[in-house]
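The structure appears below as structure tokens.
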Amino acid sequence: MRYLLRRFVQGIFILLGVSMITFFLPTLYFSPLALAIQVLGHNRTGSTAYHIWATQHGLYRPIYERYWSWLDGVLHGNFGISYTNSNRYHTVTVNEVLGGNIWRSVWLVTIPTIASILIAIPIGLTQAMRRNKPYDHIMTTGVYVLYSTPAVLVCILLAFYFAIKLHIGTVGVNPLAQQQSPSQFPGFMLHNWTQFLLPFAAILFLSIGGLSRYMRGSALDTLVQDYVRTARAKGASPARVLFRHVLRPSVIPLLQIVGLTLPAIIGGALIVEDIFNFPGMGLLAVQSVEMGDFNTVLAITLFTAVLTVVGNLLADVLTAAADPRIRLGARI
Amino acid sequence: MSLLRVSNLQTTYSMRTTSVRAVDDVSFDIEAGECLGIVGESGCGKTTIGMSLMRLLSANGHITGGEIDFDGRDLVSISEHQMRKVRGNAIALVPQDPMTSLNPVTRIGTQIAEGFRIHGGSKARAMTRALETLRMVEMPNPEERLRQFPFELSGGLRQRVMIAMALVNEPKLLIADEPTTALDVTIQAQILDVLDGLREKLGMAIMLITHDMGVIAGRTDRVVVMYAGRKAEEGPTTPIFKQMRHPYTRALLSSVPSIDAEHTERLLTIPGLPPDLSKEIVGCRFAPRCRFATDECTAVEPQLGGDDGHVYACYHPVDGPELIGASVAGLTKDDDVRDSATRESLLTVTNLVKDFPIKSKRLVPGGEHLAVSAVANVSFEIGQGETFGLVGESGCGKTTIGRLVVGLETPTSGSIVFAGRPEGLSGHKAKVADAKLRQMMFQDPYASLNPRKRIRDIIAEPLEIQAEGTNKTRFARVLELLGEVGLPADAVDRYPHEFSGGQRQRVGFARALAVRPKMVIADEPVSALDVSIQAQILNLMEDLRDEHGLSYIFISHDLAVVRHIADRIGVMYLGRLVEVGPAKQVFSEPAHHYTQGLLDAVPIADPVLAKTRKNKITGELPSAIHPPSGCRFRTRCPAATEVCAAEVPPPSEVSSGHIVACHHPLRTTVAIEATTASVPLL
């Protein structure tokens, strides 16, 4: 438990660090005046109106004060104003812009990741058991092809061959998805599963290569352990040896790797969302960066960090659940 | 009809291009209830025999000939499915390393019960059975253990679990493959006693595979001596030790240092290395290393012959052990050189303390800060040219002292003073200057040499750090050192992996000697080596010590090795030095109960003497985080009283230079004043 508590406290500090970096960099880059012009438009005479707006929004305060009030807002669930969507007549908050995008992205990352773990474990395990046999070589080749293909290419190939040639799944997600509330979205996904098939498959293909390679290596390490021989010396059948003695020790390191590769998966999701028009954070991020809507970018970056930290924490919890040495604080 | 009859067993490992016949045409029997010892150096095929019997060879290993008749069935020809019914049931295995042989993520009870369940035991009885077997192996607090995980247990307790696991179905044959090699002597004695007792109680046969002649001598009925995949000699235990016929058996026994031998004797070594089994071998396999070999030996391989029950494969059988010093010239050393009374002091260690802080509840303010007390108030002195042996169980702090003296750790308090150390230096410069005084020789010859460096660079590196000489003179020094440690000059451009364990240890020694240090700290320098190679390295260390006037701190868990090489000995227990004195006195007249117990636990290569041992240290080493108050040994001491718990025993003198820290010493002592400067303090 102490181990998890420590990891949790670490996670909080990581998020604090990320928030500082994401806040200070764009803040130093955009002058208050530039933001005011972005919101109020170019056609004002003189600079007074812009300065008044910037003062009203507290942009002339010292940077640490601005950070503090921003952080205060974030902790209360308020991510500030979306400058590009606001104008002199009405204000649009980042919360409104983000809407359900974050939750949709969480679905896009977690479902294929869990699926790829479930597929990678048997692939890696069977490869390890047939080490250097034709099966192993064929799988290795296949996995490397997946592993080394850029995300963009995976998406395009999927869209081209499956959606266009074979009519399995669709090239894009119906824009209606944007209007679903977080609670409606899972139902919407199930109902229109053909639209979500290819973006999910793309993420799956992107993550499965690395994971199954790692699982193979981990299982190879376990298979030569003395305790596996002990199990065989007890008269255990190959299946029993595999499920009782090889599986768990091999999966434990894999959990950590999933946590570590999570940022890469989220990064991949960004591209996948853009290509399949999936209304998630990635798509929004691309649009916000293009338009210079920095509070929205800030919020998305922070959420990505939260997702990574939470994912890692989850991996730690699972590791502790699976490994008594960590749970009970052995000095390894 | 024997329980097990192995006839003409042949086991081959296929390599990428060649194949290695690890066991070649070996036959032996084991009677029900008998203990058969299989002994030999690494690579002789002893483990392969065990794995062949279990049919648990690695993927590239195959039984290529012969029969294994066990209880009326041929284990070679039965199907894998049938074999699974034999494994863990009629034949069980106790492997070498208990630290890695238990599943780390499964509870002890479940692991023991698994074997019972596999062979048809009911689920309801399984845990009860696990508890019963834990009681059989005399596990302390057995109920509690069932729910524990392996990492919560020490090595000795884990080996008890391994034995319990093997016993769960009451096997007829127990294959114990080096069951105590990874354990301390005191724990080794306990485990071997457990095995002995169970054999008697359950009437099971044991096949005891080991490299340790001492373990074999005390416990077995008969012995098979293996050499290079062949059976060299087989016979009842006493004749094998007292009237051996094969020169290899004799050489193997002579290269083991004896715990009560006079230390002036030089160890007999077996020159060379065992043959490469992937090549065709003509003639006797031992002939190239045998002093008695003739043309006949190298032409045709000798067949096994001899009296009923005692067979050997040799044309020129010897008769009993060698009379040491009589037949081979130059075996006795010059005794005068090793007189330790009149030495100038080289190293003075005073009140040395080393605590290793461990992570504590730092999130809680005022939380307890825990520390492992690795070295607690240790003082000793080493003279010029003297060899100081440090002995004790693992975890007693002997390695930490070595690392402190060599500067790899910083003492928590206390001082380490070298005579002749330059004054006024600090920081990195002081470290470099100190490195000229003392160098370290490491335990593991495989891990302590950088695999990507050539031998010349490895040996020359200390010289480079000292900025000594030019490239040219350094290279000359490397060649000189290689000559001194008995390696060929063409070794300079080779990499560590091209050498055997013994040769690598020579490289490690050469590296330590490169800067001509006054002292070499050798931490278990021979414990990873086979006995014949061990003897070569020990002789080399003695030769170079006498030649260069070196001092050694020789750290070892092997009392016989320390007895052989050391002038003075320090016995450590849980961070404390409990007894110091001249090697001869400490071994012949131990004054501390711990020293006595250690000595009695050492297996001796004499079947008659080995069976007379009785004093045993019971229990396990306590935690160094909360060491016992007063005398740290009191929890395992037969003579402990209240005063032992209350006060740390002060040092007292048994005889000149022989000092003990005990409230109830085994010899009469005189109290010494702590202020006497000339006496090494405890």
Side-chain angles (χ1 to χ4, degrees), chain A residues 1-10 12-13 128-133 136 218 220-253 255 318-332, chain B residues 50-51 54-59 80-107 110-120 147-152 161-162 165-166 168-169 171 175 177 358-364 372:
Chain A
M1 277 327 288
R2 203 193 299 168
Y3 163 78
L4 290 178
L5 191 71
R6 199 168 65 220
R7 284 302 169 98
F8 184 72
V9 174
Q10 274 174 3
I12 290 174
F13 278 104
M129 288 170 64
R130 293 177 183 76
R131 184 184 194 178
N132 294 337
K133 300 265 167 64
D136 184 26
S218 175
L220 281 176
D221 287 346
T222 312
L223 281 170
V224 297
Q225 291 296 315
D226 285 346
Y227 58 82
V228 172
R229 187 188 62 191
T230 306
R232 292 174 65 208
K234 286 178 189 173
S237 64
R240 194 185 177 99
V241 171
L242 194 65
F243 288 111
R244 297 282 174 104
H245 298 277
V246 178
L247 189 59
R248 187 134 71 119
S250 318
V251 171
I252 288 168
L255 294 173
L318 290 173
T319 308
D323 194 336
R325 287 169 295 184
I326 287 170
R327 190 166 68 236
L328 302 175
R331 294 168 62 208
I332 309 171
Chain B
M51 290 299 125
M54 294 289 280
R55 292 228 332 234
L56 281 178
L57 293 160
S58 56
E80 173 64 22
H81 185 73
Q82 285 171 307
M83 190 62 213
R84 283 213 295 275
K85 293 186 173 150
V86 176
R87 272 185 218 136
N89 196 8
I91 306 182
L93 174 75
V94 177
Q96 169 168 8
D97 190 351
M99 303 310 274
T100 57
S101 296
L102 285 163
N103 186 333
V105 298
T106 310
R107 292 179 200 279
T110 318
Q111 294 197 49
I112 300 175
E114 186 182 21
F116 186 66
R117 296 273 294 126
I118 288 171
H119 296 287
R147 302 272 310 151
Q148 283 185 317
F149 288 98
F151 71 85
E152 298 176 75
V161 173
M162 293 306 304
M165 220 148 79
V168 79
N169 291 309
I175 299 173
D177 186 0
I358 55 173
K359 281 185 183 160
S360 57
K361 304 153 190 159
R362 252 184 293 172
L363 285 171
V364 189
V372 173

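Naming convention: chains lettered A, B, ... in sequence-line order (proteins, then strands); numbering from 1 in each chain. What you see is a predicted model, and the numbers here were worked out from it, not measured in a lab.
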Minimal non-hydrogen separation, [X] against [Y], with atom names:
| X | Y | value |
| --- | --- | --- |
| A:Gly235 | B:Ile118 | O-CG2, 3.5 Å |
| B:Arg84 | A:Ser237 | NE-CA, 3.4 Å |
| A:Pro324 | B:Pro104 | CG-O, 3.7 Å |

### Task
Mark yes when over 12 heavy atoms from residues, nucleotides or ligands other than A:Arg240 sit less than 6.0 Å from its CZ; otherwise mark no.
yes
Heavy-atom pairs under 4.5 Å with chain A are the metric here; pick the option from [options] that has the most.
| options | answer |
| --- | --- |
| B:Pro150, B:Ala59, B:Ala92, B:Ser101 | B:Ser101 |
| B:His119, B:Lys85, B:Glu152 | B:His119 |
| B:Val168, B:Val105, B:Ile175 | B:Val105 |

### Min side-chain heavy-atom separation B:Arg87-A:Lys234 under 4.5 Å
no
#### Entry: Heavy-atom side-chain proximity of A:Pro249 to B:Asn103 below 4.5 angstrom
yes
### Query
Nearest 0.5 Å, what's the CG-CZ distance between A:Asp323 and B:Phe151?
8.0 Å
### Query
Will you find, in the side chains of A:His245 and B:Gln111, an N or O donor that is under 3.5 Å from an N or O acceptor?
no
### Task
Check whether A:Ala231 gets within reach of chain B through its side chain, its backbone, both or neither, counting any heavy atom under 4.5 Å.
neither
### Residue part contacting chain B, namely of A:Arg229, when any heavy atom lies under 4.5 Å
both
Identify which part of [X] has an atom lying under 4.5 Å from any heavy atom of chain A, answering side chain, backbone, both or neither.
| X | result |
| --- | --- |
| B:Leu102 | backbone |
| B:His81 | neither |
| B:Met99 | neither |
| B:Met51 | side chain |

### Message
Let's go through A:Thr230 and B:Met162 carefully: what are the C-alpha distance in whole Å and the side-chain angles of both, what is the deciding distance for side-chain contact (heavy atoms from CB on, under 4.5 Å) to 0.1 Å, and is it a yes or a no?
### Response
CA-CA 9 Å; A:Thr230 306; B:Met162 293 306 304; 3.6 Å; yes
